[in-house]
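Below is one structure, written out as structure tokens, with a few remarks after it.
Each ligand, and each atom within it, is numbered from 1 in the order the structure gives.
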Amino acid sequence: MIAAKGLDGIVVAQTNISHVFGEEGRLVYHGYDIGELAGKATYEEVCHLLWKGTLPTRAELDALNTAMRAQRTLPDGGAGLRLLPKTTNPMDALRTGVSLAAAQLGIKGTPTTDQAIALAARFPTIVATFHRLRSGLEPIAPRDDLGHAANYLYMLTGVVPPENHVHGLDTYLVLLADHGMNASTFTARVIASTESDIGSAIVGAIGALKGPLHGGAPALVMDMLEAIGTADNIKPWIDNALNTHQKLMGFGHRVYKTTDPRAEILRDMARHASTPEFFALAKGTEDYAIQELNRRKPDQRLYTNVEFYSAAVLNSVGLPRDLYPATFGVSRVAGWTAHVLEQMVGNRLIRPQSEYVGPQGLKFVPLEERGLATIS
Ligand code: ACO
């Protein structure tokens with residue numbers, strides 16, 4: 001048995017939730033190309049699609065909205081998050097907040113859609129509560145007359161957000177809600193497959209999302225664009241990064257061998273939502289990076305991934321930079337929970353094997369005798 005490094009090319013589950021067609025640059029949720037949904041469906045409608053397999057009827061959407069409204073507040077009112085240092089990484093705060101909420105709500109047993117709703121509805125509240133507390137401000141309760149995206153922005157700032165910000169964030173949440181067997185989704189499915197519980201699965205998934213090779217990249221994209229600064233610095237900056245073997249954040253993908261379709265949609269959004277100067281810098285950086293990556297590594301087919309323009313869009317709706325990965329989580333919890341529910345239908349423990357490359361046949365040497373040969 002030969003190890004497939006990074007499980008590259010290994011199919012680990014059958015799913016009807018979503019699929020990435022990497023060669024064509026397509027992402028499908030339950031039969032809908034992502035372009036069919038982005039900007040048209042709300043995040044709540046997409047949650048229904050991922051959890052139930054169909055877009056909701058008006059009555060189903062009303063029922064889902066009612067259920068989410070009832071689940072937005074934190075069981076302890078945010079008391080647990082007050083214990084965290086203000087310097088806590090927001091992803092650690094999200095992970096802790098979800099763990100607390102799952103325990104306080106008594107989430108256990110076979111995962112259910114109600115449990116998925118109970119967790120997904122609280123993600124924005126946890127992030128916003130932590131952000132307020134670390135800023136020395138009191139948390140703001142969600143409002144019943146606002147949807148999921150609007151409530152997130154409202155709970156962060158205390159101001160009812162403008163419609164263009166709500167639409168921008170809602171579209172972002174739709175775009176990032178699921179993405180085939182990505183690392184965090186796989187993590188959630190592995191945990192669920194042990195017949196643990198949905199809270200544990202989602203806490204584990206947050207940990208997997210945190211890394212810069214997955215959901216931690218967009219803040220680093222902003223850092224990169226800030227470091228580049230001006231159009232005439234694009235070429236020297238990128239050349240230097242690649243000459244010193246650094247990875248360019250927001251480029252490359254395990255499955256896409258062309259531009260990520262979500263990046264195309266986010267680019268269009270960023271074009272309208274950012275300042276012309278910022279967009280020109282981002283687009284100039286993208287164009288030169290792709291040209292250089294493909295000149296230097298033609299076999300890898302490295303293109304823009306979702307994180308590159310996520311940064312610009314999240315910036316344009318006023319989100320602080322270090323909340324970008326947690327905001328990715330606010331979206332992706334829909335997909336994680338859908339996969340946990342799917343995993344439990346005909347569940348079988350996910351337990352792969354490893355290729356053993358260590359020694360064999362060693363004989364035990366008592367402690368007093370170990371290392372004697374080298375000492376004497
Ligand atoms: N910049 C420079 N070179 C790159 C990049 C990049 N962004 N991405 C891949 N490469 C190169 C690697 O250096 C490697 O080259 P080599 O074979 O000469 O050593 C080759 O392409 C293959 O790279 P891997 O890291 O092995 O590819 P893998 O499929 O494992 O990784 C990943 C995919 C993690 C997304 C990678 O492209 C990367 O690190 N990108 C930058 C971080 C990033 O944008 N993360 C967000 C991902 S999107 C998401 O999760 C939502």
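The Met249 neighbourhood of ligand 1 comprises atoms 42 (C), 44 (O), with distances under 4.0 Å to a heavy atom of that residue. Atoms of ligand 1 found under 4.0 Å from any heavy atom of Arg254 (numbered from 1 in listed order, with element): 28 (P), 29 (O), 30 (O), 33 (C). Those atoms of ligand 1 with a heavy atom of Leu293 less than 4.0 angstrom away are 1 (N), 2 (C), 3 (N). The Pro212 neighbourhood of ligand 1 comprises atoms 42 (C), 43 (C), 45 (N), with distances under 4.0 Å to a heavy atom of that residue. Close approach of ligand 1 to Glu307 (heavy-atom distance below 4.0 Å) involves ligand atoms 46 (C), 48 (S), 51 (C).
The single protein non-hydrogen atom nearest to atom 41 (C) of ligand 1 is Phe251 O, 3.5 Å, given as residue, atom name and distance.
Taking the six-membered ring for Trp and thresholds of 30 and 60 degrees, Phe328 and His214 have ring planes more than 60 degrees apart, a perpendicular arrangement.
Take Arg295 and apply the side chain to side chain contact (heavy atoms under 4.5 Å, CB included) test, not counting sequence neighbours, and it matches Glu292. Remark: Thr110 pairs with no residue by the side chain to side chain contact (heavy atoms under 4.5 Å, CB included) rule, at least two apart or across chains.
The part of Gln300 lying near ligand 1 is the side chain, judged by heavy-atom distances below 4.0 Å.
The option from His245, Arg332, Lys297 that lies nearest to atom 14 (C) of ligand 1, judged by heavy atoms, is Lys297. Within the set Ile238, Val221, Leu302, the minimum heavy-atom distance to atom 4 (C) of ligand 1 is found for Leu302.
Ligand 1 has at least one atom lying under 4.0 Å from a heavy atom of Phe328. Heavy-atom separations between Gly250 and ligand 1 include at least one value shorter than 4.0 Å.
Under a 4.0 Å N-O distance rule, the pair Lys5/Glu355 does not qualify as a salt bridge.
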Original post:
Does the ring-ring contact (aromatic ring centres under 6.0 Å, His included) test come out yes or no for His179 and His253, once each step is laid out?
Top reply: CA-CA 12 Å; His179 204 235; His253 198 274; 5.4 Å; yes

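For ligand 1, the polar-atom distance check finds an N/O of Lys247 within less than 3.5 Å of one of the ligand's N/O atoms. Taking only nitrogen or oxygen atoms, main chain and side chain alike, Ala217 does not reach within less than 3.5 Å of ligand 1. The shortest N/O to N/O separation between Val306 and ligand 1 does not fall below 3.5 Å.
More than 12 non-hydrogen atoms from other residues, nucleotides or ligands lie less than 6.0 angstrom from NZ of Lys283.
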